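Here is the structure we will look at.
Whatever order the structure lists them in is the order used to number ligands and atoms, beginning at 1. Model, not experiment: these values are computed from the prediction. What's counted below: heavy atoms across the whole structure, side chains too, no hydrogens, waters or symmetry copies.
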Amino acid sequence: MFKVNENYLKLPGSYLFSTIGKKVNAYSAAHPDKKIIRLGIGDVTQPLAPAIIDALHSAVEEMGKAETFHGYAPDLGYEFLRNAIAENDYKARGCDIAADEIFISDGAKCDSGNIQEIFSLDNKIAVCDPVYPVYVDSNVMAGRTGTYDAQKETWSDVIYMPCIADHDFAPQLPEETPDLIYLCFPNNPTGAAITKAQLQEWVDYANRVGAVILYDAAYEAYISEADVPHSIYECDGARSCAIELRSFSKNAGFTGVRLGFTVVPKDLKCGDVMLHSLWARRHGTKYNGAPYIVQKAGEAVYSKEGREQLKEQVAYYMKNAHYIYSGLKEAGYTVSGGVNAPYIWLKTPDHMTSWEFFDYLLENVNVVGTPGSGFGPSGEGYFRLTAFGSYENTVEAVDRIKAAKL
Ligand code: MLT
């Protein structure tokens with residue numbers, strides 16, 4: 001008789017955004033007359049930029065002719081895209097990353113879930129609290145997290161690094177030494193950023209204790225302040241301790257197109273073993289690559305027109321972020337984030353729990369956000385709103401929340 005992977009049975013509830021989706025759909029079915037504004041999941045709403053649409057069209061044309069048709073993509077991804085990334089995301093920022101250290105994929109969520117496979121089950125992970133749930137859940141599935149304490153909502157074998165208001169939502173170096181450290185900056189869900197000097201401390205720490213930092217930089221396009229690093233490789237020594245995950249979802253609106261990449265420098269070694277070789281082996285074995293037409297669209301992100309158009313798109317979302325931040329602050333809420341990230345993190349009013357506030361907003365003003373406690377115990381009493389809605393909906397949502405006068 002077959003057996004299932006029992007680690008899956010340890011997972012409490014469903015994936016956060018699936019739970020929210022179900023709740024909202026149930027409310028919507030019961031109240032079909034209500035206009036619900038969704039500022040929950042960080043999904044983009046603006047159409048793809050014209051430069052990207054043009055690239056998609058011309059790649060589709062190529063696929064229709066025998067002489068320009070493309071089958072399986074190369075294991076690491078097409079060189080035209082890896083070169084564009086190496087040049088624009090790394091060399092232009094003074095980071096020493098070569099094109100053959102870049103692995104193209106269909107997104108940072110998959111990579112951040114899959115990357116733990118190349119590490120031993122004995123490794124102890126450290127995560128920020130609150131945290132993007134994929135990092136923890138994918139380690140639960142692998143059997144790396146021990147037992148779950150339903151009361152505390154924590155796993156016995158995970159090191160939690162509380163990100164609290166007193167420290168501007170930045171994690172502190174943990175007391176217990178981890179093997180793998182998940183960091184995401186600009187941060188999802190708090191919208192907080194850390195300076196280059198702060199990130200350098202983490203790089204120095206990881207090199208000192210022999211840990212690997214899994215650095216999720218999916219939101220780097222939203223950075224507006226000069227001392228906030230766009231890549232961990234801006235820090236000295238990061239090549240020997242850090243893997244970076246990047247996405248085209250948030251900077252270029254590819255949530256439905258699917259494209260991302262992971263950087264594994266060749267200096268990152270465990271004894272003689274390069275993590276680059278292990279990830280290359282996994283990629284080659286389990287993955288057939290992002291589609292040619294999508295990789296061509298990704299290349300267009302780095303064209304002159306693409307860059308200009310996407311700068312405007314990011315500015316559009318950041319105008320929303322500013323509207324949410326200032327509107328809620330005016331209304332007396334305690335708010336943060338929204339300066340280097342498309343997320344606004346607010347304290348729930350009147351000591352409501354995160355889910356109580358979620359229900360309150362859904363039922364009374366028909367606005368959907370994300371309960372902070374869904375990201376970890378330190379998220380309790382907080383709530384996340386995304387700036388990825390349309391400007392009109394964002395204004396209406398904030399005005400509705402203000403009018404509710406909690
Ligand atoms: C979020 O809302 O946290 C993000 O959309 C999740 C993701 O990018 O997978």
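Under 4.0 angstrom from ligand 1, there are no non-hydrogen atoms of F388. Counting heavy atoms closer than 4.0 Å to ligand 1, residue N188 contributes side-chain atoms (C-beta onward) but none from N, CA, C or O.
Counting non-hydrogen atoms of neighbouring residues, nucleotides and ligands closer than 6.0 angstrom, the NZ atom of K35 exceeds 12 such neighbours.
The shortest N/O to N/O separation between G42 and ligand 1 falls below 3.5 Å.
Atoms of ligand 1 lying under 4.0 Å from any heavy atom of I41, numbered from 1 in the order shown and given with element: 2 (O), 5 (O). Residue F17 has at least one heavy-atom neighbour below 4.0 Å for each of these atoms of ligand 1: 1 (C), 2 (O), 3 (O).
For the residue pair D111 / S105, a side-chain donor-acceptor distance below 3.5 Å is found, with atom types taken as modelled. Side-chain contact check for Y292 and E62: at least one donor-acceptor pair (N or O, by modelled atom type) lies under 3.5 Å.
Between W155 and Y148, the angle of the ring planes lies from 30° to 60°, which puts this pair in the tilted group.
Looking at K109, R384, K250 and measuring to atom 4 (C) of ligand 1, the nearest heavy atom belongs to K250.
The shortest contact between atom 9 (O) of ligand 1 and any protein heavy atom is with Y132 OH, 2.5 Å.
A distance-only check finds no donor-acceptor pair linking the side chain of E312 to the backbone of Q309 [under 3.5 Å].
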